[in-house]
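In what follows, a structure is listed as structure tokens, so that the remarks can point back to it.
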There are 2 protein chains.
Amino acid sequence: MTYTIKEVAERTDFSIYTLRYYDKAGLLPFVSRDASGYRAFTDGDLQILHTIACLKDTGMKIAAIRQYVTYIMQGPSSIPQRKQLLEEHRQTVLHQQAVVAQSLKEIDFKLAMYSSPHAAELVGLELQTAKSQKRASQLADPFEG
Amino acid sequence: MTYTIKEVAERTDFSIYTLRYYDKAGLLPFVSRDASGYRAFTDGDLQILHTIACLKDTGMKIAAIRQYVTYIMQGPSSIPQRKQLLEEHRQTVLHQQAVVAQSLKEIDFKLAMYSSPHAAELVGLELQTAKSQKRASQLADPFEG
DNA sequence: ATGCACCCTCGACCATACTCGAGGGCAAGA
DNA sequence: TCTTGCCCTCGAGTATGGTCGAGGGTGCAT
């Protein structure tokens with residue numbers, strides 16, 4: 001049983017364009033062609049594609065994904081390299097998660113301020129502080145206009 | 001007390017180039033110029049810049065950040081709009097966090113497989129399954145070479 | 001007054017990741 | 001056989017977010 005590129009696009013979050021772009025970029029060397037030159041995706045191919053989606057969704061670059069896929073094509077002998085690549089990526093993702101979580105906290109703090117019954121006063125105070133800093137340094141006030 | 005663009009670049013994760021690019025893109029209308037036309041950043045400016053960093057780090061696009069900054073320039077009257085913009089962004093971030101967390105789980109699953117004492121067998125089995133699927137559909141085997 | 005380390009703008013260039021149209025082939029039904 | 005709806009490649013175009021060099025001004029220390 002195989003799937004056409006259209007069927008794969010429907011079953012995944014990749015567009016037909018993206019799938020062809022990925023193939024051109026060397027991300028899909030495991031996808032075979034039928035007698036007419038059409039891409040024929042097997043279930044196993046979809047599994048690798050799913051892994052590719054996980055890597056992409058966590059921010060891995062195309063070049064790194066290509067490297068990973070290349071390792072897959074080399075068979076079990078490349079397990080150490082695959083492991084290292086994923087471990088390094090894992091650290092990157094953990095770091096990014098921490099950055100995002102911290103930034104979200106600060107956004108939530110802003111939201112809390114905007115939701116406060118004294119929102120207008122708090123924001124007004126911030127504004128006056130900013131304006132007086134400009135004045136103290138003899139700078140034009142950009143908050144006019 | 002004010003800071004030069006170089007000092008700001010050193011105190012933040014933005015390069016001088018990026019700061020100038022952001023200014024050109026309308027993200028820094030609150031930054032004043034001194035008598036020589038040099039940008040003079042106040043502490044209040046750095047605070048807004050920090051908020052911009054939070055938005056950028058959570059994936060907000062430049063155009064949306066510009067909108068938010070525009071609201072800031074309008075003073076307290078734009079609090080409802082700021083709140084709505086941040087609420088919507090917050091939902092986007094929560095969704096992205098969920099996607100990343102799920103993808104990371106699957107990456108960890110792969111890593112566990114590669115770390116298993118039977119890694120070679122497991123990966124070899126995957127490979128044989130993939131190969132037999134190709135054979136069953138009379139497709140050339142891309143795992144040769 | 002000269003040098004050095006800053007600052008400025010403008011516009012070109014780059015990297016990344018798609019997105020799409022043109023031109024053409026394949027396969028099945030009316 | 002002809003239309004319809006897929007498929008293909010190739011190469012150009014788009015969107016986003018920078019990055020950088022040229023050309024020129026500023027300001028302080030020697």
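Just so it is clear: chains get the letters A, B, ... in the order the sequence lines come, proteins before strands, and each one is counted from 1.
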Is any side-chain nitrogen or oxygen of R20(B) closer than 4.0 Å to OP1 or OP2 of dC8(C)?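 Yes, such a contact exists.
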
What pairs meet the salt bridge (charged side-chain N to carboxylate O under 4.0 Å, His left out) rule with one or both residues in residues 105-133 of chain B, with sequence neighbours excluded?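 Those involving residues 105-133 of chain B are R90(A)-D108(B), K110(B)-E126(B), K131(B)-D141(B), K131(B)-E144(B).
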
From [atom1] of [X] over to [atom2] of [N], roughly how many Å is that when rounded to an integer?
{"X": "K6(B)", "N": "dC8(C)", "atom1": "NZ", "atom2": "C1'", "answer": "16 Å"}
{"X": "R39(A)", "N": "dC8(D)", "atom1": "CZ", "atom2": "C1'", "answer": "7 Å"}
{"X": "I5(A)", "N": "dG25(C)", "atom1": "CD1", "atom2": "P", "answer": "20 Å"}
{"X": "D23(A)", "N": "dC8(D)", "atom1": "CG", "atom2": "C1'", "answer": "11 Å"}
{"X": "D57(A)", "N": "dA17(C)", "atom1": "CG", "atom2": "C1'", "answer": "14 Å"}
{"X": "I16(A)", "N": "dG21(C)", "atom1": "CD1", "atom2": "P", "answer": "13 Å"}
{"X": "L19(A)", "N": "dC6(D)", "atom1": "CG", "atom2": "P", "answer": "16 Å"}
{"X": "D13(A)", "N": "dT19(C)", "atom1": "CG", "atom2": "C1'", "answer": "17 Å"}

Assess the pair Y22(B) and F14(B): is the distance between their ring centroids shorter than 6.0 Å?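 Judged by ring-centre distance (under 6.0 Å), Y22(B) and F14(B) do meet the cut-off.
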
Is it true that R39(B) and D45(B) make a salt bridge, defined as a side-chain N closer than 4.0 Å to a carboxylate O?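 No, no charged N to carboxylate O under 4.0 Å.
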
Are any of the side-chain nitrogens in D13(A) or K56(A) under 4.0 Å away from the carboxylate oxygens of its partner?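 Looking at D13(A) and K56(A), the cut-off is not met.
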
Just how far is it from atom CD1 of I62(B) to atom CG of L55(B), taken to the nearest 0.5 Å?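 So the gap between those two atoms works out to 10.0 Å.
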
Nearest non-hydrogen partners of H89(A) and G59(A), listed with the distance: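 For H89(A) versus G59(A), the nearest heavy atoms are CE1-C, 4.4 Å.
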
Heavy atoms under 4.0 Å is the rule here; annotate nucleotides 15-28 of chain D 5' to 3' with B where the base is hit, S where only the sugar-phosphate is, and - elsewhere. --BBBB----BBS-

